[in-house]
Peer 1: 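Below you will find the structure I want to go over with you.
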Amino acid sequence: MALLLIFICNGAAYGQSIDSHKKRINQIEKDIAYLNNQIASTQKKHKNTLQELVFIQKKVANRKELLKEIDSELKEQNRQISAKNRNISMLEQRLDTLEHYYRHLILKTYKHRDSRIWFMYILASDNIEQGYRRWKYLKNYADAINKQGEEIIETKRELDKERADLLKLRAETLKSQQTREKEYNNLLKEESKSKSYAKSLSSNQAKYKRQMEQKKREAERLNREIEKMLAAAVKADSGPKATPSAKADNVKLSSEFQNNKGKLPWPVSGGVVIEKFGQHYHPLFKSVKMPFNNGINISTAAGSSVKAIFNGTVKQVIAIPGYNQCVLIQHGNYFTFYCKLANVNVKAGQKVATGEAIGTLSSSENTSTLHFELWHNTTKQNPELWLRK
């Protein structure tokens with residue numbers, strides 16, 4: 001029975017793992033659907049734009065991630081099938097043993113089926129104590145037969161369930177294999193489309209090179225500005241003007257923020273991360289490195305509302321060329337930075353709560369992009385590690 005429980009627990013663990021892959025697959029499919037809508041919307045307004053290329057390349061990246069998740073799901077499903085087969089084999093062996101022993105008990109009982117023999121067996125005892133022991137033996141013998149029968153019934157029930165689960169799992173695995181083949185073919189088509197689209201844009205290289213140089217200057221200026229603001233804020237918090245109570249509040253808020261890592265809400269209600277944290281190459285000029293992205297860029301619906309991801313205080317509102325209006329919010333020793341806002345609802349020194357709207361995004365080509373950063377004092381963080389999955 002202990003071995004059976006091990007197999008059942010293992011099966012449950014595999015099931016949880018498969019469920020997590022399914023959840024991730026569903027999310028990626030939603031992201032791809034969003035990107036398809038954005039591409040279609042962009043094409044209605046303008047043909048052959050760099051923004052559309054970014055969406056196409058992101059869709060290719062998502063498709064690759066989707067295939068990776070499907071492969072992981074298939075791997076878990078195959079592991080579970082193997083575990084089910086082992087469990088079924090073990091149950092079949094157990095059932096054979098139980099039925100063999102049960103037949104032995106029944107045969108022995110049949111040979112001595114005359115109740116008078118049992119009765120005389122007890123009466124022939126030398127004393128009361130021996131008679132009680134013989135009566136107890138006969139009673140235990142009958143109980144053993146009943147228990148053996150119950151175990152056989154329960155084992156057959158478990159075996160039927162395992163066999164049904166195996167059939168269901170095999171059907172799911174076949175479906176996953178078919179989905180994988182379909183998504184792989186989609187990936188090949190989208191990779192081809194991405195290369196073709198990039199080639200069509202490269203005919204106007206001079207225009208996109210000018211845009212690239214401008215974006216590099218804007219990104220470098222943004223990085224300098226945020227580093228300067230953070231250095232000033234950290235210095236002020238640790239300086240002589242900082243009161244003990246203010247320092248204590250910072251420590252408390254920092255701890256609360258830290259404890260919510262991986263559980264913080266997204267700053268916009270929907271959308272897709274089209275540029276991740278870190279170093280990236282230009283989408284058209286693959287050999288050109290862009291300035292380090294201190295945060296993430298989230299493509300979302302045009303004019304979306306931007307919300308504070310945690311309780312804090314607005315430290316600064318600033319306009320930066322190429323990034324529109326930006327809001328810096330302090331959460332103890334942590335800071336969040338929101339850029340590309342057309343309108344801002346808050347001002348420096350104002351307290352904000354988790355989920356409170358701080359402004360709306362500017363729009364371009366029927367879409368909006370939020371640039372979002374998260375810092376621990378003057379150390380940049382990958383925001384995706386802090387936000388809800």
Peer 1: Assess the residue pair L361 and T369 against the criterion (side-chain contact (heavy atoms from CB on, under 4.5 Å)); give the C-alpha distance rounded to whole Å, side-chain angles, the decisive distance to 0.1 Å, and a yes or no.
Peer 2: CA-CA 7 Å; L361 289 170; T369 301; over 6 Å; no

Peer 1: Among T354, T336, N260, T313, whose side chain to side chain donor-acceptor pair (under 3.5 Å) with H331 holds?
Peer 2: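 It is T336, the one option of T354, T336, N260, T313 that forms the side chain to side chain donor-acceptor pair (under 3.5 Å) with H331.
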
Peer 1: I want to check something: taking the side chain as every heavy atom from C-beta on, are T300 and T367 in contact at a cut-off of under 4.5 Å?
Peer 2: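 In short, these two side chains do not touch, never coming nearer than 4.5 Å.
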
Peer 1: If only atom types and distance count, is the side chain of S196 paired as donor or acceptor with the main-chain N or O of S192 below 3.5 Å?
Peer 2: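 Not confirmed, S196 side chain does not pair with S192 backbone.
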
Peer 1: Just checking, any donor-acceptor pair under 3.5 angstrom between side chains of K182 and N186?
Peer 2: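 There is no such pair (donor and acceptor under 3.5 Å, judged by atom type) between the side chains of K182 and N186.
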
Peer 1: Within the 4.5 Å heavy-atom criterion, are H280 and N293 side-chain neighbours or not?
Peer 2: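 Side-chain contact under 4.5 Å: yes.
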
Peer 1: Among F277, W266, F257, which one satisfies ring-ring contact (aromatic ring centres under 6.0 Å, His included) with W386?
Peer 2: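 By the ring-ring contact (aromatic ring centres under 6.0 Å, His included) criterion, W386 pairs with just one of F277, W266, F257: F257.
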
Peer 1: E76 and Q80: side-chain donor and acceptor closer than 3.5 Å?
Peer 2: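 Their side chains do not contain a donor-acceptor pair, so the 3.5 Å distance test is not met.
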
Peer 1: Taking the side chain as every heavy atom from C-beta outward, state whether Y281 and M290 have any atom pair closer than 4.5 Å.
Peer 2: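 They are not in contact (no side-chain heavy atoms under 4.5 Å apart), so the answer is no.
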
Peer 1: Would you say the side chain of I358 lies within less than 4.5 Å of the side chain of V314, judging by non-hydrogen atoms?
Peer 2: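 The answer is no, as the side chains (C-beta and beyond) never meet within the 4.5 Å cut-off.
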
Peer 1: State whether the side chain of N223 and the backbone N or O of N294 hold a donor-acceptor pair below 3.5 Å, judged by distance alone.
Peer 2: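 Looks like no, no N/O pair under 3.5 Å.
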
Peer 1: Would you confirm whether Q350, through its side chain, and K347, through its main-chain N or O, come within 3.5 Å as a donor-acceptor pair?
Peer 2: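 It does hold such a pair.
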
Peer 1: Decide whether N333 and N250 meet the rule of one side-chain donor and one side-chain acceptor closer than 3.5 Å.
Peer 2: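 Their side chains do not contain a donor-acceptor pair, so the 3.5 Å distance test is not met.
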
Peer 1: Tell me whether E220 at atom CD has more than 12 heavy atoms from other residues, nucleotides or ligands lying less than 6.0 Å away.
Peer 2: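 Atom CD in E220 is crowded, with more than 12 foreign heavy atoms closer than 6.0 Å.
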
Peer 1: Please step through side-chain contact (heavy atoms from CB on, under 4.5 Å) for the pair F337 and M229, ending with a clear verdict.
Peer 2: CA-CA 11 Å; F337 194 46; M229 286 190 291; 3.7 Å; yes

Peer 1: Tell me, yes or no, whether the heavy-atom count around Y184 atom OH, taken from other residues, nucleotides or ligands under 6.0 Å, exceeds 12.
Peer 2: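 Counting other residues, nucleotides and ligands, OH of Y184 stays at 12 neighbours or fewer.
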
Peer 1: Are a donor atom and an acceptor atom from the side chains of W375 and E373 found within less than 3.5 Å of each other?
Peer 2: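 Yes, because at least one side-chain N or O of W375 sits under 3.5 Å from a partner of the opposite role on E373.
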
Peer 1: Indicate yes or no: at least one non-hydrogen side-chain atom of R180 is less than 4.5 angstrom from one of L74.
Peer 2: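 The answer is yes, as the side chains (C-beta and beyond) meet within the 4.5 Å cut-off.
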
Peer 1: Is there a donor-acceptor contact under 3.5 Å from the side chain of Q325 to the main chain of V317?
Peer 2: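 No: the side chain of Q325 does not pair with the backbone of V317.
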
Peer 1: Counting N and O atoms only, with roles assigned by atom type, does the side chain of S254 sit under 3.5 Å from a partner on the main chain of G332, one being a donor and the other an acceptor?
Peer 2: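 Not a single qualifying donor-acceptor pair exists.
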
Peer 1: With distance as the sole test, does K261 use its side chain to make a donor-acceptor pair with the main-chain N or O of L385 at under 3.5 Å?
Peer 2: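 It does not hold such a pair.
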
Peer 1: For S304 and A301, indicate whether the former's side chain and the latter's backbone hold a donor-acceptor pair under 3.5 Å.
Peer 2: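 Judged by distance alone, yes, a pair lies under 3.5 Å.
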
Peer 1: Is a side-chain N or O of N377 found less than 3.5 angstrom from the main chain of T379, in a donor-acceptor match?
Peer 2: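 A pair under 3.5 Å: no.
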
